[in-house]
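Encoded as structure tokens, the structure appears first; notes follow it.
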Amino acid sequence: DDEDTVKRMVRYLYTSDYMDFDDESNNKEATEDPDVDEEMIRMTQTVQAQINNVAVYALAEKYDLQDLRRQAVDRGVAGVWDLERLCNRD
């Protein structure tokens with residue numbers, strides 16, 4: 001299991017919440033670079049948050065944590081599945 005995803009799961013077990021995306025280090029580096037496009041940063045963070053939510057969902061499924069699965073779905077896993085369905089249309 002991915003270390004960051006396990007950390008999200010453990011945080012959830014203690015607090016009933018988890019972070020989609022830990023953007024502190026990425027934002028710090030990005031704001032120091034004047035050539036970085038802010039819109040691209042937001043898009044990258046959104047995609048990374050979705051990937052993280054899918055990973056959390058998979059881990060919650062593995063350990064049968066229904067509430068964590070539900071939270072991952074609420075945070076956007078369902079949107080990822082809808083996007084996949086749209087991309088695979090004939």
Side-chain angles (χ1 to χ4, degrees):
D1 297 327
D2 174 60
E3 180 180 344
D4 290 332
T5 305
V6 172
K7 286 179 182 178
R8 287 180 180 86
M9 180 185 71
V10 170
R11 179 183 172 132
Y12 172 81
L13 292 172
Y14 281 99
T15 66
S16 298
D17 196 14
Y18 69 92
M19 301 277 295
D20 293 320
F21 185 73
D22 183 17
D23 62 352
E24 291 176 12
S25 61
N26 290 337
N27 273 346
K28 188 175 185 178
E29 292 171 12
T31 55
E32 293 172 358
D33 185 351
D35 296 327
V36 173
D37 179 12
E38 293 294 324
E39 181 64 24
M40 183 60 77
I41 292 170
R42 281 193 296 280
M43 288 174 50
T44 301
Q45 290 173 343
T46 299
V47 169
Q48 187 60 53
Q50 293 294 358
I51 291 168
N52 293 343
N53 286 323
V54 170
V56 166
Y57 180 89
L59 201 61
E61 179 74 21
K62 178 179 180 178
Y63 292 107
D64 195 28
L65 300 170
Q66 294 177 8
D67 290 337
L68 181 55
R69 275 194 310 241
R70 198 169 309 119
Q71 192 170 119
V73 167
D74 290 346
R75 289 179 180 222
V77 171
V80 172
W81 288 329
D82 289 341
L83 179 62
E84 181 182 354
R85 187 169 6 109
L86 288 173
C87 291
N88 292 322
R89 290 172 51 178
D90 293 327

Do Met40 and Ile51 share a hydrophobic cluster (ILVMFWY, side-chain heavy atoms under 4.5 Å, transitive)? no
Under 4.5 Å between side-chain heavy atoms, counting indirect links through other Ile/Leu/Val/Met/Phe/Trp/Tyr residues: same cluster for Val6 and Val56 or not? yes
If you take all heavy atoms of Tyr18 and Ala72, which pair is closest and at what distance? OH-CA, 3.4 Å
Separation between CD of Gln50 and CD of Gln45, rounded to the nearest 0.5 Å: 13.0 Å
Atom pair CG/OG1 of Asp37 and Thr44 - distance to nearest 0.5 Å: 9.0 Å
Apply the test salt bridge (Lys or Arg N to Asp or Glu O under 4.0 Å) to residues Arg75 and Asp20: give CA-CA distance (whole Å), side-chain angles for both, the deciding distance (0.1 Å), then the verdict. CA-CA 8 Å; Arg75 289 179 180 222; Asp20 293 320; 3.0 Å; yes
How many angstroms lie between atom OH of Tyr12 and atom CG of Leu65, to the nearest 0.5 angstrom? 7.5 Å
Hey, are Gln71 and Asp67 close enough side-chain-wise for a donor-acceptor pair under 3.5 Å? no
Return each pair, listed once, that meets salt bridge (Lys or Arg N to Asp or Glu O under 4.0 Å) where at least one residue sits in residues 53-63; pairs must be two or more places apart or across chains. Asp1-Lys62, Glu61-Arg69
Between CZ of Arg8 and CG of Asn52, what distance do you get to the nearest 0.5 Å? 3.5 Å
Drop me the distance from Asp2's CG to Lys7's NZ, to the nearest 0.5 angstrom. 9.5 Å
How many angstroms lie between CE in Met9 and OH in Tyr63, if you round to the nearest 0.5 Å? 5.5 Å
